[in-house]
Amino acid sequence: MHWCLDCGSALAEAEVEYQDKTSAAIDVAFRAVDKAAIFKKFNAEINSNDVAVVIWTTTPWTLPANMAVCLHPDFEYVLVKAKLASGEINLVLAEALHKSALDRYGADEYTVLGRCKGTALENLPLQHPFNDRQVPLIVGDHVTTETGTGAVHTAPGHGQDDFVIGQKYGLEVYNPVGGDGVFLADTPLFAGQHVNKANDAIVETLKNNNALLKYKSIRHSYPHCWRHKTPIIFRATPQWFISMEQNKLRTHALKAINNTQWMPDWGQARIESMVVNRPDWCISRQRTWGVPITLFVHKQTGELHPRTSELIEKVAGGIEKQGIDFWFSLEPEQLLGSDADQYDKVTDTLDVWFDSGVTHAAVLEQRKDLHYPADLYLEGSDQHRGWFQSSLLTSVAMNGVAPYKAVLTHGFTVDADGKKMSKSQGNVIAPQKVCDSLGADILRLWVASTDYSGEMSVSDEILKRMSDSYRRIRNTARFLLANLNGFEPSRDMIAADKMLPLDRWAVATTWHLQQNIITAYREYNFHSIYQKLHNFCAVELGSFYLDIIKDRQYTTQMNSLARRSAQTALYHIIEAMTRWLAPICSFTADEIWQAIPGDRNQSSVFISTWYEDLHDLPAEGRMNFDFWNTVLQVRTLVSKHLEDLRVAGSIGSSLDAEVDLYCDDALLKTLATLEDELRFVLITSYVRLHPLTSSSPGTEQQIDTRHKIRIITSASKHNKCIRCWHYREDVGQHSEHPELCGRCVSNVSGSGEVRKHA
RNA sequence: GUCUCGAUAGCUCAACUGGUAGAGCUCGCGAUCGAUAAUCGCGCGGUCAGAUGUUCGAAUCAUCUUCGAGACACCA
C-alpha cells in the first residue's frame, strides 16, 4: 500500500500525486557468500578479492527489509575486477550499465573477467550488507537497464514489484516499519528511528561495512500524499480485497457495461478497458474515521468468525441506533462472549469509493419513491474510474446487473482559454459568487447552454452573455404576460379553427418547437434547447410575431376576435414555454407560472407535464408554413429597403412608409390572400401589389429561387392617425374624430374593425 | 510516457451520409419611445487550430503537428 506517514494510513491510488523530491541515491555492494561459485558461473579465473553484486537504490531506509537481489534473466552480466579507492574488488554488473557504474565509482582501471546471463546466477546466496542474513539472487522481468546497475535491491515489504516477485520465490514479506514511519523495536541497528532520519545512519553503516560504492543525491519524481504533500512510502500490510475473478465478477461486470447506455458513447470503451485491466479491489483503509469493516479474525488461523454474517447484522443494528462509534467502542466480549480472546477485532475502514459505490443499495433500494436500477448516473468524466465503477462492481456482485440504465458524463469546467481552473492561476469562477451576483438561474442557464460533452468554458464574458440571453427570455415572457392582461382563458379563449391564420401560425410554430425541445430533453441535449428557446424569443416572436400583433393588441376592441385570437396564441405560447424553461431557469419559470392567467389551482410548473393544447397548421391550407415562409422572406427584403429610406432620413418608423410590390404572378397571388392586412404584416401604412411586368426590369430580387419581386418604398404623404400611427388617406374625414383613421373610428365608436388574417 | 476526447465569427452553438460555412448574442450605425436596466431595422465579422494527402470537390475522410482536457502508468 502507498502509505502516508502523516495520515498514518494507506492511500488510494487517486490520493497519490507525483512531485519532485531529492533522495539519496546509493550504490551498495552485496558480497557473495560463495565466491568460487560466482567465478565459475562467469567462467573466470578466480582471484583473492571479494566478489559483490551491486545494487542502486534511492531509498536506503528499505535496506533493512532487503530479502533478495534481482537480476534480469536474459540480460548479459559482466564480472569486473575493479580498482577502487578502497581497494580491489570483483563486481557483478549488467553489461549495458557497467561502464557508467564503474565511472560513478571512480574506477580508473578495471578488467572484465567474464560474462553470463542473469538466469545463470539465480539462487546464489549474498550476504546482506549489515544484517546477519543471507539473501538470494533472483531473476525477474521487471528489471531494466535505464538506470542503476542491472541488479535490483528487493524488499517485498516495500515495493509492488518486489512483493510480487517475492511471492514467487517464497521470500518473507518483512516490514520492519510501523504505521508511524518508525522502525519497530526489534529492528536490528535502527530500532526506534524514523525512516526519513534513518537514511543517514544506514549510509554510515554501509560505509563502515565497506559496502557503499557511491553516494549521490538526485532529484526525481516521487509519490506524495495529495493532502500533506509529503513523500509517501510503500508498506506491505494485510488488506481486504474484493476478487475480480471469484463468482466471475469481472465477466459479469463487462456484460452489465454492455447493457448500459453510455453518453457520450466513448464512455463505454473507457470503462470497459478499465474493468478488463483492473486488479482486485482493495477495499480496506487504515484510517481512524470512516465506515468500519466489522469483522472478527481468528488470532492464529486468520479465519473469519464462523458467525460472521450474523455478527455483521448485529453490528449494523447497533450502528443504526448509536452511530458508527458503536463498532469502535465495542468490546468483543459483548458479541463473542467467551470466544472474544481468540479473535481480533478488525479496525480497518472501508475505501470511501465503497461508500459512494453502494448508494444503489443504501439509497435507491431503501426509499419508496426511488427505484433500482437508477435511470441515470450523472457525473464528471473522471468517474469512469470512480463512482461509475465502484457502483457497478458492488451492484453486479450483489444483483448481477448494473445499478444504472444509462450513464451520462460531462467535462470539466475550464476558463475562457480552455485551461483548467486552479487557485494559483486565479482563473477560478466560484458558482456561489455567480449566484450572488447574477442569480442562480443564470448559472443554470450557463450549464444548460454549454455542450457538456467536452470541456465547459466559463468566464466573465460568457456569463455576461448568458445574462443578456436570460434577460431576452425573461422579457419575452414578461411581454406575453403583460399582453394577457384581462384575458381569462375559460372565457376568452378562441378555438383553433376560429383563430386568425397568423396566430395559428404562431401556435403551430410553438408546437413544432416543442416537439424538438422534448426530443432534446430526452437526449439530454440541453444546449440545443437553450439555442432553440432563445432563437424563438428573438426571431419568431420578437422580430416577427410579437411586433406584428402589437397593432391588434393596442388598437382593436378589447373583446374583439382580432385581439382575443392573438391573446389565445400568447396564452398557448406562455403555457408551453414556461414548461420548457422550468428544468433550466427554475426560479423564473416558477415566477412566470404564477402570473399566467387562468386558474392555476395552486399547481406548480414543476409537477406539470408538457402543454398539450398546441396545434399544428393544416399542411394543405392556403396559409400553411410554406406560405408564411414566403411572407417572411418578402418582409426581410422590405426591411432592407426601408432601411435605405431611414438612412436617407425620409422615414423613422416603418409605419412612416408605403410599399409597392411588383411580383410575378404566383407571388402576387400568394401575397394577395392577405388582402389589405399585408400592411400589418409588413408594419407599413400601405402595401400595394402590382404585376412584375408593370415595373421597369433589372431591379427585381429573387425569393425562394421561385419568385421574383421588385420593391419600391416611399415615405407616406398622408396624415398620421394619432391612435394607430398608420398614415391613411381617410384621416380627418370624420368630424367627430378628426385625428383618427377610418378603422380607428370604427374601433372607438363603431362595431370595431374585422381582421381576417393577421 | 501511453491512450481517449476536443479545437468552426469576440461569445454560445449549427452545418443530414464529403457538395458555395449558418444562427443568435456581442459590437457598430440607425430607428422608436405603447416590452424602456426594453424593443425594432441594417451592417461589420470566418484561411472551419496548422500542414500534408485522398477526391472533380474536404469544416467533414486519412496521417502528422500544435494547443487544451481527462484517464492510465511510473523508475528500484
Side-chain angles (χ1 to χ4, degrees), chain A residues 13-14 16 18 23 25 55-59 62 66 69-70 142-144 146-149 151-155 158-162 220-223 234 264 266-267 269-271 273-274 277-278 380-386 409 411-420 445-446 448-451 453-457 459 461-466 468-469 471-472 474-483 527-528 530-539 542-544 546-547 550-551 553-555 636 638-644 646-647 649 651-656 683 723-725:
Chain A
E13 279 294 331
V16 174
Y18 289 83
S23 296
I55 63 93
W56 180 79
T57 182
T58 57
T59 51
T62 60
N66 175 280
V69 171
C70 190
H142 63 285
V143 177
T144 68
E146 276 173 46
T147 49
T149 59
V152 175
H153 145 57
T154 300
H158 292 306
Q160 174 97 51
D161 286 336
D162 296 8
H220 62 156
S221 171
Y222 189 86
F234 198 91
W266 48 258
R270 172 171 290 184
I271 194 166
S273 73
M274 284 177 178
N277 295 316
R278 78 159 295 148
S381 57
D382 59 332
Q383 294 301 322
H384 289 102
R385 64 181 294 281
T409 50
F412 286 67
T413 51
V414 295
D415 68 11
D417 301 321
K419 300 271 175 64
K420 66 178 163 189
L445 191 61
W446 165 73
S449 74
T450 302
D451 179 1
S453 67
E455 293 120 43
M456 305 171 69
S457 289
S459 66
E461 188 197 350
I462 291 167
L463 289 169
K464 175 77 167 32
R465 291 294 99 81
M466 290 325 300
D468 289 341
S469 300
R471 286 208 311 275
R472 171 56 129 174
R474 191 171 192 279
N475 265 326
T476 301
R478 208 165 55 155
F479 180 85
L480 296 175
L481 291 174
N483 281 279
H527 70 279
S528 98
Y530 159 78
Q531 298 272 345
K532 287 175 161 75
L533 175 58
H534 187 262
N535 264 36
F536 180 62
C537 290
V539 181
S543 66
F544 184 64
L546 299 183
D547 210 18
K550 279 182 205 167
D551 182 83
Q553 287 299 300
Y554 304 149
T555 68
T636 302
V638 168
S639 290
K640 289 187 208 295
H641 282 264
L642 291 176
E643 188 62 20
D644 293 340
R646 194 173 285 134
V647 169
I651 61 163
S653 159
S654 62
L655 283 174
D656 299 346
I683 316 185
R723 185 166 176 277
C724 74
W725 301 344

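Quick note on labels: first sequence line is chain A, next is B, and so on, each numbered from 1. On a predicted model such as this, the values are computed, not experimentally measured, just so you know.
The pair Glu643(A)-Arg646(A) meets the salt-bridge criterion, since a charged nitrogen lies less than 4.0 angstrom from a carboxylate oxygen.
When all heavy atoms of Cys70(A) and Thr154(A) are compared, the pair lying nearest together is CB-OG1, 3.5 Å.
Nucleic acid contact class of Ser273(A) (heavy atoms, under 4.0 Å, all strands): none. Note on Arg465(A): a base of the nucleic acid sits closer than 4.0 angstrom, heavy atoms only. At the heavy-atom level, Ser528(A) lies nowhere under 4.0 Å from the strands shown. When heavy atoms are screened at a 4.0 angstrom cut-off, Gly542(A) is found touching base atoms of the nucleic acid. At a threshold of 4.0 angstrom between heavy atoms, the contacts of Ser457(A) are confined to the sugar-phosphate backbone, with no base atom among them. Met466(A) comes within 4.0 angstrom of nothing in the nucleic acid, heavy atoms only. Residue Asp451(A) is in sugar-phosphate contact alone, with no base atom involved, counting any heavy-atom pair closer than 4.0 Å across all strands shown.
Across the protein-nucleic acid pair, Ile651(A) atom CD1 and rU32(B) atom P stand 9 Å apart, rounded to whole Å. Atom-to-atom, CG of Asn277(A) to C1' of rA71(B) comes out at 12 Å; the value is rounded to the nearest Å. Atom CG in Leu445(A) sits about 12 Å away from atom C1' in rC25(B), given to the nearest Å. Between Gln383(A) atom CD and rA71(B) atom P there is a gap of 9 Å when expressed in whole angstrom units. Straight-line distance from the CG atom of Asp468(A) to the P atom of rA35(B): 20 Å, rounded to whole Å. Rounded to whole Å, the distance from CZ on Arg472(A) to C1' on rU36(B) is 13 Å. Distance Gln531(A) CD to rG24(B) P: 11 Å, rounded to the nearest Å. Between the CZ atom of Phe412(A) and the P atom of rA7(B) there is a distance of 18 Å, rounded to whole Å.
The nucleotide whose nearest atom lies closest to any side-chain atom of Arg471(A) is, among rC11(B), rC42(B), rA37(B), rA37(B). Checked against rU26(B), rA23(B), rC13(B), the side chain of Asn535(A) finds its nearest nucleotide in rA23(B). With rU12(B), rC40(B), rA38(B) as the choices, the nucleotide that has an atom nearest any side-chain atom of Asn475(A) turns out to be rA38(B). Closest to the side chain of Asp547(A), out of rC25(B), rG70(B), rC40(B), is rC40(B). Each of rU12(B), rC40(B), rC42(B) was ranked by its minimum atom distance to the side chain of Ser639(A); first place goes to rC42(B). Among the nucleotides rU12(B), rA71(B), rC25(B), the one closest to any side-chain atom of Tyr530(A) is rU12(B). Side-chain proximity of Glu461(A) to rG70(B), rU12(B), rC11(B): nearest is rC11(B). Among the nucleotides rG70(B), rA69(B), rG10(B), the one closest to any side-chain atom of Lys419(A) is rA69(B). Listed candidates were rA35(B), rC11(B), rG24(B). Nearest to the side chain of Ala538(A) is rG24(B). Here the side chain of Glu643(A) is nearest to one of rA69(B), rU26(B), rC42(B), namely rC42(B).
Nucleotides rG34(B) and rC16(B) are separated by 44 Å at their C1' atoms, to the nearest Å. Atom P of rA7(B) sits at a distance of 11 Å from the matching atom of rC13(B), rounded to the whole Å. With both ends at atom P, the span from rA21(B) to rG57(B) equals 16 Å, rounded to whole Å. Using atom C1' as the reference point in both rC75(B) and rU63(B), the two lie 33 Å apart (nearest Å). Comparing the C1' positions of rC27(B) and rC44(B) gives an interatomic distance of 8 Å, to the nearest angstrom. Separation of the C1' atoms belonging to rG46(B) and rA15(B) is 14 Å when rounded to the nearest angstrom. Between rU39(B) and rG19(B), the two C1' atoms lie 40 Å apart (nearest whole Å). Taking the P atoms as reference points, rU60(B) lies 13 Å from rU52(B), given to the whole Å.
Within the 3.5 Å criterion, the main-chain N or O of Asp656(A) finds no donor-acceptor partner in the side chain of Trp725(A). One N or O on the side chain of Ser459(A) and one on the backbone of Ile462(A) form a donor-acceptor pair closer than 3.5 Å. Not a single donor-acceptor pair under 3.5 Å links the side chain of Ser457(A) to the backbone N or O of Gly418(A). Although no hydrogens or angles enter the test, the distance criterion places a donor-acceptor pair under 3.5 Å between the side chain of His158(A) and the main chain of Phe234(A). With Asp417(A) contributing its side chain and Lys419(A) its backbone, the two residues share no donor-acceptor pair below 3.5 Å.
Stacking between Trp725(A) and rG34(B) is present: the aromatic ring centre lies within less than 5.5 angstrom of the base six-membered ring centre, and the two planes differ by under 30 degrees.
In this structure rC40(B) sits in a base pair with rG30(B), meeting the Watson-Crick or G-U test at under 3.5 Å. Checking rU12(B) for Watson-Crick or G-U wobble geometry (two distances, each under 3.5 Å) identifies rA23(B) as its partner. Partner assigned to rG6(B) is rC67(B), using Watson-Crick or G-U wobble distances below 3.5 angstrom. Base pairing annotation: rC75(B) forms no Watson-Crick or G-U wobble pair, as no partner gives both donor-acceptor distances under 3.5 Å. The partner of rU17(B), taking Watson-Crick or G-U wobble pairs whose two distances both stay under 3.5 Å, does not exist in any strand shown. Under the Watson-Crick or G-U wobble criterion, with both distances below 3.5 Å, rU47(B) has no partner in any strand shown. Here rA58(B) sits opposite no nucleotide as a Watson-Crick or G-U wobble pair (both hydrogen-bonding atom distances under 3.5 Å).
Counting only heavy atoms from C-beta outward, the side chains of Glu455(A) and Phe412(A) never approach each other to under 4.5 Å. Counting only heavy atoms from C-beta outward, the side chains of Thr450(A) and Thr413(A) never approach each other to under 4.5 Å.
The side chain of Arg646(A) contributes no N or O atom lying less than 4.0 Å from OP1 or OP2 of rC29(B). Dashed line: the shortest gap from a side-chain N or O of Ser654(A) to OP1 or OP2 of rC40(B) is not under 4.0 Å. Contact check, Lys550(A) against rA35(B): a side-chain N or O comes under 4.0 Å of OP1 or OP2. OP1 or OP2 of rU4(B) has not a single side-chain nitrogen or oxygen of His384(A) nearer than 4.0 Å. For the pair Arg723(A) and rG34(B), the criterion of a side-chain N or O lying under 4.0 Å from OP1 or OP2 is not met. Contact check, Tyr554(A) against rA35(B): a side-chain N or O comes under 4.0 Å of OP1 or OP2. Here Lys640(A) reaches the OP1 or OP2 of rG43(B): one of its side-chain N or O atoms lies under 4.0 Å away.
Along RNA chain B, the nucleotide nearest Thr636(A) and the nucleotide nearest Ser469(A) are compared for position; the residue whose nucleotide lies closer to the 5' end is Ser469(A). Sequence order on RNA chain B of the closest nucleotides to Gly148(A) and His527(A) puts His527(A) first from the 5' end.
Counting distance only, with no hydrogens placed and no angle test, the side-chain atoms of Glu455(A) and the base atoms of rG68(B) include a donor-acceptor pair under 3.5 Å.
For the atom pair NE2 of His534(A) and OG of Ser469(A), the computed distance is 4.0 Å after rounding to the nearest 0.5 Å.
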